[in-house]
Peer 1: 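Can you keep this structure in mind? I'll have questions shortly.
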Amino acid sequence: MILLKLIPTNLEVLIGRLHPLVVHLPIGILLLVALFEWLATRENYSVLRPAVVIMAFWGMVTSLFSCIAGYVLSTTGGYQDELMGLHKWFGIALAVLAAGFYLVKKLQFEFKYSQLFFVSAFMALLTATGHYGGALTHGEDFLKEPVMAMVYKKSDDVTRKPITDIDQALVYKDLVEPVLERKCFQCHNAQKKKGDLRLDTPELLLRGGEHGKVLVAGKTSESELFKRLLLPEEDPKRMPPKGKIQLNEQEIALLHWWIQTGGSIDKQVGTLPKDERIKTVLAGMQDGRGSQTREIVSHEKGEFLAEKIPKPHDEDLAALVKIHVAVDLIGPENGWVSINAVNHSDFDDQDAQSLLPLRKQAVWLKLNDTRVTDGALQTIGQLTNLTRLNLENTVTGDAGVKNLAPLAQLQYLNLVGTEVTDAGLEALKTHKQLKRLYLWQSKVTLAGIENLRKALPDCEINFGEVLEKNLTSTNSK
């Protein structure tokens with residue numbers, strides 16, 4: 001930290017932002033070092049030995065610089081502390097190993113099994129460092145989550161039939177368990193018992209975990225299974241945790257009703273009392289179109305993305321990459337792109353102009369935790385094919401929301417932690433395609449949300465801590 005004070009601020013920012021770029025150099029070089037070192041043990045490839053020393057030197061230099069740039073970047077904040085610590089220390093260990101390997105080769109000091117040690121250590125540290133670095137950028141379970149979803153998917157879900165008579169459906173087996181299966185089983189199963197809690201069978205759910213029971217029949221306010229759904233996203237006790245797919249409003253309402261009516265495992269829907277709100281939720285599930293279908297948005301397999309669109313020009317992509325904005329092609333057969341400013345927290349209204357050349361191709365845009373204002377949303381409103389927009393923790397206000405009026409395809413909008421009020425919600429009434437809206441910690445009121453719900457009955461509005469009050473007041477009517 002003392003050394004950082006000697007570096008001009010702009011240079012410090014530049015060094016930090018070089019980390020995502022230069023970090024790929026030691027990865028590639030050290031992979032080749034490991035490969036050449038292994039091959040050089042064979043007589044046919046002994047000619048590679050001099051090259052190993054040269055590559056080891058540059059592997060050491062680039063890994064040390066990556067560590068420095070990474071440390072500088074970490075001081076800007078905005079990263080999960082635990083993941084950052086793991087990534088940092090594995091990266092430092094890799095740099096130390098690279099330096100040690102170079103010295104061994106330079107001094108021609110060999111010891112028994114040295115090749116096996118270095119090759120194995122390089123591969124292990126590269127894997128660990130890369131994994132935690134990717135987790136910082138894309139989320140903790142970016143790779144693991146789809147694999148876990150396949151491994152721990154219950155076999156009977158494959159044959160789960162649509163519900164034709166909701167009154168005959170079993171509340172737990174047919175309605176509640178599918179929600180837990182999609183959103184909770186991955187962390188609470190036989191192989192992974194987070195908090196010593198398993199939810200993959202009703203018996204184990206009722207037993208609870210290391211802190212006792214998670215379900216208190218008839219009392220959502222005392223049931224951890226429900227209470228943790230409403231905690232702030234940054235709260236370590238929030239379930240599902242940040243980075244995982246969250247329960248939508250209908251699913252939360254379903255769990256609330258189930259617990260309030262006794263948390264039964266074997267009762268049918270028709271035997272339990274229902275208010276108007278839960279009747280609406282249940283009606284949407286009767287023909288199989290419930291919350292499961294709501295997880296499927298048009299960008300996955302729908303007709304919208306089946307449309308052919310030309311791929312963006314290389315120079316337009318390069319302009320975004322130059323300012324550390326990630327651009328990924330969504331499918332190999334068309335030009336749809338996902339744009340993410342995760343590595344450019346200073347992304348502002350001026351930077352938003354660089355999005356315009358991709359106005360036809362951009363369908364997903366993540367600008368959360370950046371410096372964009374309502375002015376940038378004038379530009380974003382020109383990305384007319386946009387289906388997903390994340391503005392979490394920006395200074396977006398009502399004027400900005402009005403600038404989104406041209407986005408007729410918008411299906412997902414995150415306004416968590418923004419300055420949007422009920423006036424902004426009025427502007428959203430024209431977005432008939434909107435399926436998911438997140439408003440927690442914004443300036444909206446419950447009355448404004450209820451008003452919007454009337455205009456957009458198919459939109460799932462997630463507003464966090466206010467939900468419990470809403471559900472409770474509705475149930476008391």
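In this chain, residues are counted from 1 in sequence order.
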Peer 1: Say you draw a straight line from CH2 of W58 to OH of Y102; how long is it, rounded to the nearest 0.5 Å?
Peer 2: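 If we round to the nearest 0.5 Å, W58:CH2 and Y102:OH are 10.5 Å apart.
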Peer 1: Is a side-chain donor-acceptor pair under 3.5 Å present for D369 with S345?
Peer 2: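 Absent: no donor and acceptor within the cut-off.
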Peer 1: If we only count heavy atoms from C-beta on, is the L410 to L413 side-chain gap below 4.5 Å?
Peer 2: yes
Peer 1: Pair N368, L391 - check side chain to side chain contact (heavy atoms under 4.5 Å, CB included), show working.
Peer 2: CA-CA 5 Å; N368 51 294; L391 296 169; over 6 Å; no
Peer 1: Taking the six-membered ring for Trp, are Y45 and F36 closer than 6.0 Å centroid to centroid?
Peer 2: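 No; F36 has its ring centre 6.0 Å or more from that of Y45.
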Peer 1: Determine whether L126 and L30 make a side-chain contact, defined as any pair of heavy atoms from C-beta on separated by less than 4.5 Å.
Peer 2: yes
Peer 1: Side chain to side chain contact (heavy atoms under 4.5 Å, CB included), that's the test. Do L377 and L404 meet it? Break it down for me.
Peer 2: CA-CA 7 Å; L377 299 194; L404 302 179; 4.2 Å; yes
Peer 1: Does the pair W336 and N385 meet the rule for a side chain to side chain contact (heavy atoms under 4.5 Å, CB included), with working shown?
Peer 2: CA-CA 9 Å; W336 302 117; N385 287 327; 3.6 Å; yes
Peer 1: What residues, two or more places apart in sequence or in another chain, satisfy side-chain contact (heavy atoms from CB on, under 4.5 Å) together with D351?
Peer 2: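 Residues passing side-chain contact (heavy atoms from CB on, under 4.5 Å) with D351: I323, H344, F347, D348.
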Peer 1: Any donor and acceptor pair, going by atom type alone, linking the side chain of Q361 with main-chain N or O of P310 inside 3.5 Å?
Peer 2: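 Here the side-chain-to-backbone pair exists.
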Peer 1: With side chains defined as the heavy atoms from C-beta onward, is the minimum distance between N451 and E426 less than 4.5 Å?
Peer 2: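 When only atoms from C-beta onward are counted, E426 and N451 do touch, with a gap below 4.5 Å.
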Peer 1: Under the salt bridge (charged side-chain N to carboxylate O under 4.0 Å, His left out) test, which residues partner K360, sequence neighbours left out?
Peer 2: none
Peer 1: Can you list everything that forms a side-chain contact (heavy atoms from CB on, under 4.5 Å) with L231? Sequence neighbours excluded, please.
Peer 2: R228, D235, K237, R238
Peer 1: Can a donor-acceptor pair be found, under 3.5 Å and without considering hydrogens, that links the side chain of N403 to the backbone of D374?
Peer 2: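 Yes, N403 side chain to D374 backbone: donor-acceptor pair under 3.5 Å.
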Peer 1: So L355 and L320, do their side chains get closer than 4.5 Å, heavy atoms only?
Peer 2: yes
Peer 1: Is it true that Q353 and T379 share a donor-acceptor pair across their side chains at a distance under 3.5 Å?
Peer 2: yes
Peer 1: Side chains of T129 and H87: closer than 4.5 Å at any heavy-atom pair?
Peer 2: yes
Peer 1: State which residues pass side-chain contact (heavy atoms from CB on, under 4.5 Å) with H313; sequence neighbours excluded, sorted by chain then number.
Peer 2: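 Testing H313 for side-chain contact (heavy atoms from CB on, under 4.5 Å), a comparison that skips the adjacent residues, returns E315, D316.
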Peer 1: So, the side chain of D200 versus the backbone of F185: is there a donor-acceptor pair under 3.5 Å, distance only?
Peer 2: no
Peer 1: List the steps, then state whether side-chain hydrogen bond (donor to acceptor under 3.5 Å, both in side chains) holds for S442 with E419.
Peer 2: CA-CA 6 Å; S442 63; E419 300 298 315; over 6 Å; no
Peer 1: Side chains of K429 and L452: closer than 4.5 Å at any heavy-atom pair?
Peer 2: yes
Peer 1: Counting only heavy atoms from other residues, nucleotides and ligands, does the tally under 6.0 Å from NZ of K366 exceed 12?
Peer 2: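 Open: at most 12 neighbouring heavy atoms sit under 6.0 Å from NZ of K366.
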Peer 1: With a 6.0 Å cut-off (strictly less than), is the heavy-atom count around CD of Q350, excluding the residue itself, greater than 12?
Peer 2: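 Counting other residues, nucleotides and ligands, CD of Q350 stays at 12 neighbours or fewer.
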Peer 1: Quick one: list whatever passes side-chain contact (heavy atoms from CB on, under 4.5 Å) with K402, sequence neighbours left out.
Peer 2: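 K402 satisfies side-chain contact (heavy atoms from CB on, under 4.5 Å) with A427 only.
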Peer 1: Among all residues two or more places apart in sequence or in another chain, which pass the ring pair (Phe, Tyr, Trp, His ring centres under 6.0 Å) test with Y412?
Peer 2: Y438
Peer 1: When you check the gap from the basic side-chain N to the acidic O, do K435 and E460 get nearer than 4.0 Å?
Peer 2: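 Judged by the 4.0 Å cut-off on N to carboxylate O distance, K435 and E460 do not form a salt bridge.
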Peer 1: Is there a side-chain contact between V420 and D398 (heavy atoms, below 4.5 Å)?
Peer 2: yes
Peer 1: Would you check if L365 and N340 make a side-chain contact, meaning some heavy-atom pair closer than 4.5 Å?
Peer 2: no
Peer 1: Any donor and acceptor pair, going by atom type alone, linking the side chain of N414 with main-chain N or O of N390 inside 3.5 Å?
Peer 2: no
Peer 1: Determine whether E251 and K183 satisfy the following criterion, side chain to side chain contact (heavy atoms under 4.5 Å, CB included), listing intermediate values before the conclusion.
Peer 2: CA-CA 10 Å; E251 290 168 334; K183 306 296 176 69; 2.8 Å; yes
